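Below, chains carry the letters A, B, ... as their sequence lines are ordered, and counting in each starts from 1. What you see is a predicted model; the values in this text were computed from it and never measured.
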2 protein chains.
Amino acid sequence: MNHHSNVVCLCPLDGIIETIGKKWTMLLVNEIGNHGSLRYNNLLEELKGISPSTLASMLKELQKEGIISREAFNEIPPRVEYTLTKRGKELRIAIIPLLKWATKKGNFKMHCNCSLLKK
Amino acid sequence: MNHHSNVVCLCPLDGIIETIGKKWTMLLVNEIGNHGSLRYNNLLEELKGISPSTLASMLKELQKEGIISREAFNEIPPRVEYTLTKRGKELRIAIIPLLKWATKKGNFKMHCNCSLLKK
DNA sequence: CGGTATCCCTTCGGATACTG
DNA sequence: CAGTATCCGAAGGGATACCG
C-alpha cells in the first residue's frame, strides 16, 4: 500500500510552532524584513500596541531561534540594530503560501501593498 | 523607488494566526488529513494528551474557520465524523514550506515517514 | 537609548466527573 | 459515543515605573 504518498508529519514543527504562533512573532519578523534593520524604539512604534517587556522577550526568543540577530554599536547615545538572519529571511519566504491561503478566505479584502500576494 | 518589490504584509493572517498557532491545531488538521476522517474518540486517542474539553473547543473553532466539517449520523450508538474541508486540505499543503524550513534547523533529525519532506 | 522589574489580568489548556 | 461542566494552574502579554 502506498497511502504514505500524501501523509504529512509535523515533527519538524516541534517547538518552533510555539514561537511562530505567538502574537507578535510574524509581525516582528516581517517588520524587520521589510525595513532591512530596525532599532528597539523603532519597533516599539511600528508594532503599535506592543509593550516594552513583551518586545524585549520576543527579541530574545527570536535570537535564540536564530531568526534575528542583534548588533550593538558603541556610541553615545547607544544604538542597537536588529536584522533578519539568513534563516529569518527564509522563514519570511516560507510563510507566503500560508498568506496566500489566508487571503483566499471569502470575505478577505486586500488592503495592503504586497507584491508577493498580487497573483 | 521600487522597494515594494519584496515587501510582505501580514494582514491576511489577522485572526487566523491565533488559531493556527494554538498547540493542537496543526496536529489535529494533520491527523484528520492523514486518516481521511476521524471520530471524536479516535482523535482523543491519537492526539495523545489532549483533554476532552480542549478537543471539543478546538473542533468548534476549526469548524468556525471552515477548516474541518462535522457530520453526525443518526445511529445508535451515535457516530460523528470529522473531515477536512477543501480549505482545510489546502491549509495542509500551504504549511509544507514551513515544515521544510523547520526541517533545515541544524540539529533536526527526521524520524518521521513523510514523503512530502523527503527532498 | 535600550532595555528591566513589578504587577496584574486574560486566555489556554489539563483533570475529572458527569450527561443526552 | 460524543461531548459538557467545573475547577484549576501555568503561560502570554499589557501598563507602568524605573535603570545603566
Side-chain angles (χ1 to χ4, degrees), chain A residues 10 13-32 35-65 67-84, chain B residues 10 13-32 35-65 67-84:
Chain A
L10 299 179
L13 248 44
D14 265 11
I16 197 67
I17 188 74
E18 280 127 50
T19 296
I20 290 173
K22 280 184 183 166
K23 179 170 178 182
W24 294 103
T25 302
M26 291 313 303
L27 295 170
L28 203 40
V29 167
N30 213 42
E31 202 63 48
I32 298 176
H35 285 82
S37 89
L38 280 173
R39 305 167 65 169
Y40 183 87
N41 278 317
N42 295 146
L43 287 166
L44 219 44
E45 294 160 21
E46 299 273 355
L47 276 59
K48 295 179 204 307
I50 199 172
S51 73
S53 42
T54 304
L55 177 56
S57 82
M58 284 310 310
L59 288 170
K60 274 178 186 154
E61 182 169 353
L62 294 180
Q63 285 172 73
K64 210 184 82 192
E65 296 295 342
I67 290 169
I68 64 174
S69 65
R70 191 192 110 118
E71 188 177 11
F73 299 88
N74 244 334
E75 304 176 355
I76 297 178
R79 179 162 63 100
V80 175
E81 305 230 331
Y82 293 95
T83 53
L84 294 184
Chain B
L10 299 178
L13 249 44
D14 265 11
I16 196 66
I17 188 75
E18 279 127 50
T19 296
I20 291 174
K22 279 183 183 166
K23 180 171 176 181
W24 295 102
T25 301
M26 291 313 302
L27 294 169
L28 204 38
V29 167
N30 214 42
E31 203 63 48
I32 298 177
H35 285 81
S37 88
L38 279 173
R39 303 168 64 170
Y40 183 87
N41 277 319
N42 294 146
L43 286 166
L44 221 42
E45 295 161 18
E46 299 274 354
L47 276 59
K48 297 180 203 309
I50 199 171
S51 73
S53 42
T54 304
L55 177 56
S57 81
M58 283 310 309
L59 288 170
K60 275 178 185 153
E61 181 168 354
L62 294 180
Q63 285 171 72
K64 211 183 81 192
E65 295 295 342
I67 290 168
I68 65 174
S69 66
R70 190 193 111 117
E71 188 177 10
F73 299 86
N74 245 334
E75 303 177 358
I76 298 177
R79 180 164 60 103
V80 175
E81 305 229 331
Y82 293 96
T83 53
L84 294 185

> Mind checking A:Tyr82 for me? I need base, sugar-phosphate or nothing, with any heavy atom below 4.0 Å counting as a touch.
sugar-phosphate

> Is it the case that the side chain of B:Tyr40 and the backbone of B:Pro52 share a donor-acceptor pair, with hydrogens and angles ignored and the cut-off at 3.5 Å?
yes

> Can you tell me how far C1' of C:dT11 sits from NZ of B:Lys23, to the nearest Å?
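Rounded to whole Å, this separation is 14 Å.
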
> Rounded to whole angstrom units, what separation is found between the CG atom of B:Leu59 and the P atom of C:dG13?
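Taking CG of B:Leu59 and P of C:dG13, I get 13 Å after rounding.
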
> State which of C:dG14, C:dC1, D:dG13 makes the closest approach to the side chain of A:Thr54.
D:dG13

> The side chain of A:Arg39 lies closest to which of these nucleotides: D:dC1, D:dA15, C:dG2?
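For A:Arg39, the side-chain atoms sit closest to C:dG2.
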
> Identify, between A:Ser53 and A:Pro78, the residue whose nearest nucleotide on DNA chain D lies closer to the 5' end.
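Its nearest nucleotide lies further toward 5', so the answer is A:Ser53.
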
> May I have the distance from A:Leu55 (atom CG) to C:dG3 (atom C1'), rounded to whole angstrom?
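Atom CG in A:Leu55 sits about 9 Å away from atom C1' in C:dG3.
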
> Between P on D:dG3 and CZ on B:Arg79, what's the gap in Å once rounded to a whole number?
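Going from B:Arg79 (CZ) to D:dG3 (P), I get 13 Å.
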
> Kindly say whether B:Glu61 contributes a backbone atom to a donor-acceptor pair with the side chain of B:Glu65 at under 3.5 angstrom?
no

> Rounded off to whole Å, could you give me the NZ-to-P distance for the A:Lys48 and D:dG13 pair?
20 Å

> Given D:dT16, C:dG13, D:dG3, which nucleotide is nearest the side-chain atoms of A:Pro52?
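Nucleotide nearest to A:Pro52's side chain: D:dT16.
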
> Nearest to the side chain of B:Lys60, which nucleotide is it out of C:dC1, D:dT4, C:dT4?
D:dT4

> Looking at the side chain of B:Tyr40, which of D:dG14, D:dA2, C:dG13 is the nearest nucleotide?
D:dA2

> Does some side-chain heavy atom of A:Asn30 sit less than 4.5 Å from a side-chain heavy atom of A:Leu27?
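The answer is no; the side chains never approach within 4.5 Å.
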
> Using whole Å, what does the distance between atom P of nucleotide D:dG13 and atom CG of A:Leu43 come to?
16 Å

> Among the nucleotides D:dG12, C:dG14, C:dG2, which one has an atom lying closest to any side-chain atom of A:Lys22?
D:dG12

> For A:Glu18 and D:dA10, what is the distance between atoms CD and C1' respectively, to the nearest whole Å?
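Rounded to the whole Å, the gap is 14 Å.
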
> Where do A:Arg39 and A:Pro78 come nearest, in terms of heavy atoms and distance?
NH2-O, 3.5 Å

> Taking the side chain as every heavy atom from C-beta outward, state whether B:Thr83 and B:Glu71 have any pair of such atoms under 4.5 Å apart.
no

> Compare side-chain N and O positions of B:Arg70 against OP1 and OP2 of D:dG3 and report whether any pair is under 4.0 Å apart.
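Checking D:dG3 against B:Arg70, a side-chain N or O does come within under 4.0 Å of OP1 or OP2.
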
> Can you check the A:Phe73 CZ to C:dC1 P distance for me, whole Å?
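Whole-Å distance recorded here is 16 Å.
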
> What's the closest nucleotide to the A:Asn41 side chain, out of C:dC1, C:dA15, D:dA2?
C:dC1

